[in-house]
Amino acid sequence: MCSVVGYIGKNRSRSFVLEGLRRLEYRGYDSAGFACLDPSDQRLFYAKSEGRLENLVNELDKAPIDGFLSIGHTRWATHGASSRQNAHPQFDSQEKIAIVHNGIIENHRNLKAQLQQAGHTFSSETDTEIIARLAEDLFMRHRNQENGSKNALVELVNMLEGAYAFVLLMQDYPDQIIMVRKRSPLCIGIGDGEMFIASDMLAFAGKTNKVVFLPDESFAIVHKDTIELYAFDGTVLQPHVQKVELHWDDQGKKGHKHFMLKEIYEQKGALYDTVYALRALQANIWDQIGSAQEYIQKLDSVVLIGCGASWHAARIAQFYFEHVCMIPAQVHLASEFRYKSFFPASNTLYVFISQSGETADTLEALRLVKSLGLPTLALVNAPSSAMVREADGSLLTHAGREIAVASTKAFSTQLAVLYWFAHRIAMAKGILNELDLGQAENDLLRAAQVLEDSLENYKFDINHTLAKRYAGYSKAIFLGRHMSYPFAMEAALKFKELAYIFSQCYPAGELKHGPLALVDSQIPIFVFSYQDPLIYQKLLSNVQEAKARGGHIVVFAFEGQDELCEIADCAFIMPRVNPLLGPLAMTGLMQFFAYAVANELGLPIDTPRNLAKSVTVE
């Protein structure tokens with residue numbers, strides 16, 4: 001989602017800011033902007049554009065002003081349409097203050113009404129402009145006071161409600177940048193006579209390994225060689241400098257047409273890396289997850305919380321914990337979790353799943369659970385993320401950087417970690433032994449191989465025949481049973497995200513309770529099988545019901561499921577794996593099919609319309 005990049009220091013900074021924004025493009029955006037102080041007279045200069053970052057670069061090339069103090073932003077529209085006027089930076093009435101902002105100001109309507117009564121008129125539809133106008137009034141009021149900037153900021157932040165991170169650049173204060181954070185990530189990279197500012201430290205990776213993550217509900221007045229850090233009540237805080245080894249490895253698409261295609265093909269390697277890392281972790285697992293072995297031995301239940309593809313991974317993993325550990329598992333959508341009745345349970349582990357570790361809904365759910373003194377575990381792909389810092393413990397996927405908005409290798413490695421962790425808990429409880437855990441690891445490697453082999457077996461047919469055929473449909477139905485139902489939900493999500501095909505998913509057993517009314521030859525029905533003989537027979541019966549009513553059937557099945565394949569109009573057949581890993585084995589082929597259909601339609605696969613990679617607003 002929206003990205004912030006800034007710089008103050010000894011060097012001209014426009015190229016750094018644009019490069020930082022380019023590194024964070026994968027998060028998703030629909031407009032971009034840049035502002036700096038012109039070194040010749042300290043006047044504020046800015047440029048903004050709709051659309052891709054290249055449009056902003058073209059605007060800047062028309063007036064090549066650069067400065068030693070600058071900020072940049074890519075915006076994903078929340079308040080107001082995607083337009084140049086609503087792009088960041090936003091300004092005060094005299095355009096002497098520029099602000100770039102992530103998040104949402106929840107009380108912006110009341111604040112805007114107050115400002116309008118005081119004589120302000122607004123040039124955008126954003127909540128961001130309101131912050132700039134408030135800052136204009138408050139800095140003027142405190143201008144001649146000792147510690148005037150700090151006092152103005154204390155008053156400002158205590159007027160704002162919501163989750164936000166913003167950076168202010170002010171013409172009247174040409175030696176400082178102001179940063180404010182409340183429940184939205186913001187960090188500072190410390191260089192030699194220079195400071196790098198970003199919402200994600202990937203923006204300045206390779207420039208420094210010294211990082212300050214702004215604490216929640218804090219603000220900083222940043223100079224080129226000093227940081228003044230304060231809590232929202234004005235209390236002085238000591239910046240906590242961490243050494244973080246993070247390198248920028250711009251490998252590009254490695255010859256693939258899209259990042260998503262590259263990431264689909266990287267899954268086997270990512271799964272192997274994840275399994276090997278988990279093997280190495282086994283001896284220190286309890287320190288890593290932040291829960292004592294004695295607590296895990298008494299564990300009565302697991303609660304899994306996530307959004308989007310991470311929620312689907314949790315829905316699949318529910319079967320892992322209940323089958324392998326023989327304890328109940330609950331699964332919650334993070335966006336709904338905080339607004340439901342919550343009944344804290346003893347001997348329960350709360351697991352929060354997120355690719356970025358910054359997902360706003362999931363992070364807020366984690367904070368709620370942690371505030372009640374309950375054990376929290378973050379499962380993420382970003383070791384420096386807020387969820388890792390705030391949870392009691394963490395488990396990492398080793399997917400590597402994922403650029404495409406639609407999750408591929410992050411999703412599959414989440415399944416791998418959850419499968420392994422269920423077996424590790426069962427081992428701690430005495431249900432399994434070390435040999436069983438080793439077998440589980442080998443089963444994961446086997447599933448990873450099947451994932452890749454299935455891609456190779458069917459990619460020619462999909463690219464040359466099937467993608468064109470199924471790109472002609474505007475709607476689709478997805479079916480599954482048992483753990484293949486949440487996997488079917490993930491498949492439907494991929495078709496929505498990538499191909500913009502309206503895709504509805506049902507448990508196959510529910511067809512006769514209403515959805516059969518939708519079945520005809522014009523809506524393909526995608527069916528994801530399961531290897532358990534009883535569930536397979538039930539699924540087969542459901543598919544026969546649809547076929548008898550003219551349904552066009554596309555089947556993802558396993559060897560030996562001949563009857564299901566025979567009634568299908570199109571069938572993909574995979575080697576058998578451990579039944580619990582059937583969804584993982586099908587993952588690559590499912591993703592590739594959705595990718596190929598979207599590619600046939602000529603759609604922007606890596607950056608689907610209206611979507612963002614890292615969802616940092618609720």
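The CZ atom of R424 lies 9.0 Å from the CD1 atom of I289; values are rounded to the nearest 0.5 Å. To the nearest 0.5 Å, atoms CE (M489) and CD1 (I316) are separated by 9.5 Å. We find the NE2-CZ distance between H312 and F411 to be 8.0 Å, quoted to the nearest 0.5 Å. For the atom pair K340 NZ and L333 CG, the distance stands at 8.0 Å (nearest 0.5 Å). Interatomic distance, T126 OG1 to I131 CD1, rounded to the nearest 0.5 Å: 8.5 Å. How far CD1 of I99 is from CD1 of I71: 8.0 Å, rounded to the nearest 0.5 Å.
In this structure, the side chains of Y7 and E194 come closer than 4.5 Å at one or more pairs of heavy atoms. Between P604 and R609, the closest side-chain pair of non-hydrogen atoms is not below 4.5 Å. Counting only heavy atoms from C-beta outward, the side chains of H398 and L396 approach each other to under 4.5 Å. Using a 4.5 Å heavy-atom threshold, the side chains of K210 and F196 count as separate. The side-chain heavy atoms of L24 and S199, taken from C-beta on, include a pair separated by under 4.5 Å. Residues V241 and I190 meet the side-chain proximity criterion, which asks for heavy atoms closer than 4.5 Å. Under the 4.5 Å side-chain criterion, counting only non-hydrogen atoms from C-beta, L377 is in contact with L349. In this structure the side chain of R52 reaches within 4.5 angstrom of the side chain of E25, judged on heavy atoms.
A distance below 6.0 Å separates the ring centres of F478 and F495.
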(message) Show, in sequence, the C-alpha distance, side-chain angles and deciding distance for V222 and I8, and conclude whether the side-chain contact (heavy atoms from CB on, under 4.5 Å) test is met.
(response) CA-CA 8 Å; V222 181; I8 181 169; 4.1 Å; yes

(request) For D216 and K182, run salt bridge (charged side-chain N to carboxylate O under 4.0 Å, His left out): C-alpha distance rounded to whole Å, both residues' side-chain angles, the deciding distance at 0.1 Å, then the answer. (result) CA-CA 5 Å; D216 195 26; K182 182 180 180 183; over 6 Å; no

(request) Take I327 and K429 through the side-chain contact (heavy atoms from CB on, under 4.5 Å) test and state the conclusion after the steps. (result) CA-CA 11 Å; I327 57 174; K429 295 171 76 68; 4.1 Å; yes

(request) Give the C-alpha distance, both sets of side-chain angles, the deciding distance and a yes or no for salt bridge (charged side-chain N to carboxylate O under 4.0 Å, His left out) between E364 and R183. (result) CA-CA 8 Å; E364 289 303 319; R183 302 207 309 271; 2.7 Å; yes

(request) Show the numbers, then the answer: is there a salt bridge (charged side-chain N to carboxylate O under 4.0 Å, His left out) between R279 and E441? (result) CA-CA 8 Å; R279 277 180 177 169; E441 293 168 352; 2.7 Å; yes

(message) Run the side-chain contact (heavy atoms from CB on, under 4.5 Å) test on V380 and Q355 for me, step by step, so that the C-alpha distance in whole Å, both residues' side-chain angles and the decisive distance to 0.1 Å come before the verdict.
(response) CA-CA 5 Å; V380 302; Q355 179 267 327; over 6 Å; no

(message) Would R23 and E19 count as a salt bridge (charged side-chain N to carboxylate O under 4.0 Å, His left out) here? Give the steps.
(response) CA-CA 6 Å; R23 292 183 184 188; E19 172 61 22; 3.3 Å; yes

(message) Test side-chain contact (heavy atoms from CB on, under 4.5 Å) on F321 and L299; report intermediate values, then the result.
(response) CA-CA 11 Å; F321 291 98; L299 207 63; over 6 Å; no

(request) Let me see the working for F337 and F342 under ring-ring contact (aromatic ring centres under 6.0 Å, His included), right down to the final yes or no. (result) CA-CA 8 Å; F337 181 77; F342 179 47; 5.2 Å; yes

(message) Quick one, T376 with D392, criterion side chain to side chain donor-acceptor pair (under 3.5 Å). Give me CA distance, side-chain angles, the key distance, then yes/no.
(response) CA-CA 5 Å; T376 56; D392 296 315; 3.2 Å; yes

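The shortest heavy-atom contact between P239 and I227 is CG-O, 4.0 Å. In this structure, L237 and P215 approach most closely via the heavy-atom pair CD1-CG, 4.3 Å. Closest approach of A309 and S407 over heavy atoms only: CB-CB, 4.2 Å. The two atoms that bring C187 and V211 nearest to each other are CB-CG1, 4.1 Å, heavy atoms only. In terms of heavy-atom proximity, N381 sits nearest to A399 at OD1-N, 3.2 Å. Residue C505 comes nearest to Y485 through the heavy atom pair SG-CE1, 3.7 Å, listed as atom of the first residue, atom of the second, then distance.
Between Y265 and F592, the ring planes are perpendicular. Angles over 60° get that label, and only those under 30° would be called parallel. Relative ring orientation between H88 and H73 is described as parallel, the plane-to-plane angle staying below 30° on a 0-90° scale split at 30° and 60°.
T235 places no side-chain N or O within donor-acceptor distance of the main-chain N or O of A231, the cut-off being under 3.5 Å. Under the 3.5 Å distance criterion, the side-chain polar atoms of T348 are matched with a main-chain donor or acceptor of S346. Here the side chain of N158 pairs a donor or acceptor atom with the backbone of V154 at under 3.5 angstrom. A donor-acceptor pair under 3.5 Å links the side-chain atoms of N107 to the main chain of E161, judged by distance alone. Remark: side-chain polar atoms of K253 are not paired, donor with acceptor, to backbone N or O of F259 under 3.5 angstrom. Without hydrogens or angle criteria, N209 side chain to K243 main chain gives no donor-acceptor distance under 3.5 Å. Proximity of a side-chain donor or acceptor of D606 to a complementary backbone N or O of H258 within less than 3.5 Å is not detected. In this structure, the side chain of T397 does not engage the main chain of A410 through any donor-acceptor pair within 3.5 Å. Side-chain N or O atoms of E263 include one that pairs as donor or acceptor with a backbone N or O of I403 at under 3.5 Å. A donor-acceptor pair under 3.5 Å links the side-chain atoms of T413 to the main chain of K409, judged by distance alone.
Seen from the ring of Y272, K268 counts as a face-on cation partner, given the 6.0 Å and 45° thresholds. Note that R389 lies in the cation-pi zone of F213, set by a 6.0 Å cut-off to the ring centre and a 45° limit from the axis.
Residues meeting the side chain to side chain contact (heavy atoms under 4.5 Å, CB included) test with E228, sequence neighbours left out: I221, H223, Y230.
If you check the side chains of S70 and S13, you find a donor sitting under 3.5 Å from an acceptor. Between the side chains of Q330 and H332, at least one donor N or O sits under 3.5 Å from an acceptor N or O. At a cut-off of 3.5 Å, with distance as the only test, a side-chain donor of Q267 or S412 sits close to an acceptor on the other residue. With 3.5 Å as the limit, one finds no donor-acceptor pair spanning the side chains of Y164 and H101.
Atom NE2 of H256 has more than 12 heavy atoms from other residues, nucleotides or ligands within 6.0 Å.
Residue H423 is tested with F421, Y419, W420 for a ring-ring contact (aromatic ring centres under 6.0 Å, His included); the sole match is Y419.
The existence of a salt bridge linking K262 and E266 is confirmed by a sub-4.0 Å separation between a basic side-chain nitrogen and an acidic carboxylate oxygen. A salt bridge between E390 and R367 is present, with a side-chain N of the basic residue lying under 4.0 Å from a carboxylate O of the acidic one.
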